[in-house]
Q: 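Handing you this structure, nothing more for now.
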Number of protein chains: 2
Amino acid sequence: MTTPQRHSWKDIRDRIHARILDRTYRPGDKLPHDEDMAQTLGCSRSTVQRAMQDLSESGLVERRRKGGTHVRPEPVARVTIEIPIIRKEVEDLGQRHGYQLLSRAALPPPAEIATRMELSAHVPCLHVRALHLAQDRPYLYEDRWINLQTAAEIDSVDLCTISANEWLVLNMPYTRCELRFFALAADADLAKALHTSPNTALFAIERTTWIDTQPITTVRTIGAPGYQLSAST
Amino acid sequence: MTTPQRHSWKDIRDRIHARILDRTYRPGDKLPHDEDMAQTLGCSRSTVQRAMQDLSESGLVERRRKGGTHVRPEPVARVTIEIPIIRKEVEDLGQRHGYQLLSRAALPPPAEIATRMELSAHVPCLHVRALHLAQDRPYLYEDRWINLQTAAEIDSVDLCTISANEWLVLNMPYTRCELRFFALAADADLAKALHTSPNTALFAIERTTWIDTQPITTVRTIGAPGYQLSAST
DNA sequence: CAGTGGTCTAGACCACTCA
DNA sequence: GAGTGGTCTAGACCACTGC
């Protein structure tokens with residue numbers, strides 16, 4: 001069996017965490033500074049620092065130079081969501097991934113898209129619509145705009161063979177990413193593509209990526225009925 | 001102006017990141033081990049370690065003892081979502097928060113809820129429905145079950161004065177949290193509460209929390225039309 | 001079993017920010 | 001200005017895990 005290290009930073013973190021849980025340190029309270037904490041707990045300051053770093057990242061405490069460390073008065077729930085390549089997402093469910101290119105056209109972006117990408121409306125873009133399948137059933141609809149100035153190479157990629165999602169993830173690393181989650185009602189086209197009826201409530205994710213300040217792509221993915229995203233701490 | 005520290009761990013991280021972006025290190029490639037990296041970059045091993053920790057957390061590289069550090073072949077998008085207290089969420093939008101308790105009843109949990117909480121169906125629970133308002137308009141509907149064995153004290157709290165959301169966040173710290181995001185169609189009750197029409201597509205979040213292995217609460221929050229969740233890296 | 005990342009220590013100095 | 005967290009270093013040892 002695994003013996004928990006008595007003075008590992010995880011152990012130190014858990015001991016501090018426990019003090020917060022049992023109200024030794026209450027919301028808003030100031031914690032002893034690292035040096036004292038280290039002496040009390042019998043470890044070096046760096047170990048306390050590492051523990052505090054973790055507690056701070058998870059939103060449990062707040063640290064400020066000179067201000068000290070405080071238990072957050074209004075804790076926030078912080079969850080990390082992982083969004084993999086769609087093919088991998090399907091395969092991880094143990095299902096067979098399929099893919100259909102629905103349309104592909106070089107077009108100037110409509111105003112809404114240009115705004116979303118923080119891009120001038122005169123830049124040439126590629127508009128791609130596609131459908132991802134799981135076990136031959138509709139899984140996710142993808143409506144994507146790609147900036148041809150940034151990702152010029154995709155113009156010569158056969159998007160029937162590889163999805164834009166996969167090509168971009170593998171070939172266009174980004175430095176900034178924005179996400180929005182919301183619900184929308186299926187219109188006629190969407191309903192047809194996803195084999196459902198118009199007006200069905202569907203889950204949508206909008207993702208826009210940039211490399212430095214140059215927009216790469218913005219995509220709206222819409223899940224088939226029942227699609228959901230989960231996360232846990 | 002701020003001079004970027006030439007050998008800070010962030011600087012080291014960015015220099016390694018740049019090498020990944022410019023394809024010096026390609027997806028799947030093995031990176032030099034920390035010691036070499038440190039020597040090459042002119043810093044100590046701990047600094048490389050700190051940089052790598054960050055790159056690893058953000059999903060860009062994968063590290064394994066003896067295996068070494070590799071650029072992830074199929075990068076995942078990792079985003080951290082913060083979910084604050086609802087009152088604070090509204091106030092941060094610069095709006096006035098309001099709150100109405102719709103119902104409150106001690107009941108045994110239905111099977112679906114018991115399953116969600118990993119709880120026996122015989123444990124006494126409190127069922128609470130409430131509506132959060134922003135500028136006196138419906139903002140978020142909350143349908144919550146609370147385990148009265150874990151959070152017994154809430155039985156004597158006046159939930160007209162403080163929302164269950166707020167009381168729980170302030171008084172019941174948790175050690176585990178699971179989240180699901182999805183879309184649903186408004187039924188008659190929901191439509192009425194949120195001042196919308198039946199069948200409207202709405203965005204829902206389900207959250208369940210435990211302390212150690214004991215379930216605390218499970219809640220489904222449903223946003224008024226237009227509600228959305230956003231995140232960025 | 002040996003290579004690699006993970007952690008701990010002690011000490012020094014830096015950077016921010018509150019009073 | 002002084003207190004507190006943030007970072008860097010050098011060195012040691014530990015803990016996984018691939019070969």
Side-chain angles (χ1 to χ4, degrees), chain A residues 1-17 19-20 25 27-73 75 78 80, chain B residues 1-17 19-20 25 27-73 75 78 80:
Chain A
M1 57 172 265
T2 318
T3 312
Q5 294 286 320
R6 287 260 301 83
H7 294 283
S8 71
W9 68 265
K10 286 183 182 174
D11 177 60
I12 299 297
R13 175 199 62 191
D14 291 344
R15 281 157 73 185
I16 299 171
H17 189 176
R19 297 293 175 83
I20 294 173
Y25 305 124
D29 278 5
K30 181 174 183 173
L31 270 58
H33 65 244
D34 296 8
E35 199 103 36
D36 282 359
M37 204 63 127
Q39 199 145 20
T40 306
L41 298 176
C43 65
S44 79
R45 203 195 120 196
S46 344
T47 305
V48 172
Q49 163 80 22
R50 184 67 186 81
M52 287 298 194
Q53 179 193 325
D54 200 66
L55 291 170
S56 171
E57 272 171 9
S58 66
L60 221 63
V61 305
E62 235 174 358
R63 281 158 78 76
R64 267 196 319 277
R65 283 159 152 141
K66 168 80 180 180
T69 305
H70 292 257
V71 180
R72 274 185 95 110
R78 271 200 196 146
T80 302
Chain B
M1 62 170 262
T2 318
T3 312
Q5 294 287 319
R6 285 262 302 86
H7 294 284
S8 71
W9 68 264
K10 286 183 182 174
D11 176 60
I12 299 298
R13 175 199 61 189
D14 292 344
R15 281 158 73 186
I16 299 172
H17 189 176
R19 299 292 175 82
I20 294 174
Y25 305 124
D29 278 6
K30 181 173 183 175
L31 269 58
H33 65 243
D34 296 7
E35 200 102 38
D36 283 359
M37 204 63 126
Q39 200 145 18
T40 306
L41 299 176
C43 65
S44 78
R45 203 195 121 197
S46 343
T47 304
V48 172
Q49 163 80 24
R50 183 67 185 80
M52 288 297 195
Q53 179 193 325
D54 199 66
L55 290 169
S56 170
E57 271 170 10
S58 67
L60 221 64
V61 305
E62 237 174 357
R63 280 159 77 77
R64 267 194 320 275
R65 282 159 151 139
K66 169 78 181 181
T69 304
H70 291 257
V71 181
R72 276 185 95 109
R78 271 198 197 148
T80 302

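To find a chain, count down the sequence lines: A is the first, B the second, and so on, and within it residues start at 1.
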Q: Tell me which nucleotide among dT4(C), dG5(D), dT7(C) gets nearest to the side chain of His33(B).
A: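 So the nucleotide nearest the side chain must be dT4(C).
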Q: Without decimals, in angstroms, what is the distance between Lys10(B) NZ and dT7(D) C1'?
A: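 It works out to 11 Å between those atoms.
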Q: Tell me the interatomic distance from Leu31(A), atom CG, to dG5(D), atom P, rounded to whole angstroms.
A: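 One finds 9 Å between P of dG5(D) and CG of Leu31(A), rounded.
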Q: Near DNA chain D, under 4.0 Å by heavy atom, which residues of residues 47-57 of chain B?
A: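 By residue number: Thr47(B).
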Q: Which pairs, with at least one residue in residues 28-52 of chain B and sequence neighbours excluded, count as a salt bridge (Lys or Arg N to Asp or Glu O under 4.0 Å)?
A: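 Those involving residues 28-52 of chain B are Asp34(B)-Arg63(B).
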Q: Pull out every residue in residues 62-70 of chain B that has a heavy atom closer than 4.0 Å to any atom of DNA chain C, ordered by number, or say none.
A: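 Correct list: Arg63(B), Arg64(B), Arg65(B), Lys66(B), Gly68(B), Thr69(B).
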Q: Is Arg78(B) reaching over with its side chain to a backbone N or O of Glu57(B), donor-acceptor style, under 3.5 angstrom?
A: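 Such a contact is found between Arg78(B) side chain and Glu57(B) backbone.
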Q: Between dC13(C), dT9(C), dC8(C), which one does the side chain of Arg45(A) approach most closely?
A: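 Closest of the options to the side chain of Arg45(A): dC13(C).
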Q: How would you list, by chain and number, every residue that makes a salt bridge (Lys or Arg N to Asp or Glu O under 4.0 Å) with Asp54(A), sequence neighbours excluded?
A: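 Testing Asp54(A) for salt bridge (Lys or Arg N to Asp or Glu O under 4.0 Å), a comparison that skips the adjacent residues, returns Arg13(A).
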Q: Could you pull out all residues at least two apart from Arg64(A) that satisfy salt bridge (Lys or Arg N to Asp or Glu O under 4.0 Å)?
A: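 Scan of Arg64(A) (salt bridge (Lys or Arg N to Asp or Glu O under 4.0 Å), adjacent residues dropped) gives none.
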Q: Could you check Asp11(B), Val71(B), Leu41(B) and say which one makes a side chain to side chain contact (heavy atoms under 4.5 Å, CB included) with Ile16(B)?
A: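 The side chain to side chain contact (heavy atoms under 4.5 Å, CB included) with Ile16(B) is passed solely by Leu41(B) among Asp11(B), Val71(B), Leu41(B).
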Q: Could you tell me how far apart Lys30(B) (NZ) and dT17(D) (P) are, to the nearest whole angstrom?
A: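 In whole Å, dT17(D) P and Lys30(B) NZ are 15 Å from each other.
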Q: Distance check needed: dC8(D) P versus Asp34(B) CG, whole Å only.
A: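 Distance check: Asp34(B) CG to dC8(D) P gives 15 Å.
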Q: I need the minimum non-hydrogen distance between Cys43(B) and Val48(B), along with the two atoms involved.
A: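 Taking every non-hydrogen atom into account, SG-CG2, 3.7 Å.
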Q: Taking the side chain of Trp9(A) as its heavy atoms from C-beta onward, which of dC8(C), dA12(D), dC8(D) lies nearest to it?
A: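 So the side chain of Trp9(A) is nearest to dC8(C).
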Q: For Arg65(B), give me all partners under salt bridge (Lys or Arg N to Asp or Glu O under 4.0 Å), at least two apart in sequence or on another chain.
A: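 Arg65(B) satisfies salt bridge (Lys or Arg N to Asp or Glu O under 4.0 Å) with no residue once adjacent residues are dropped.
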Q: Using a strict cut-off of less than 4.0 Å between a Lys/Arg side-chain nitrogen and an Asp/Glu carboxylate oxygen, indicate whether Asp14(B) and Lys10(B) qualify as a salt bridge.
A: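 Looking at Asp14(B) and Lys10(B), the cut-off is not met.
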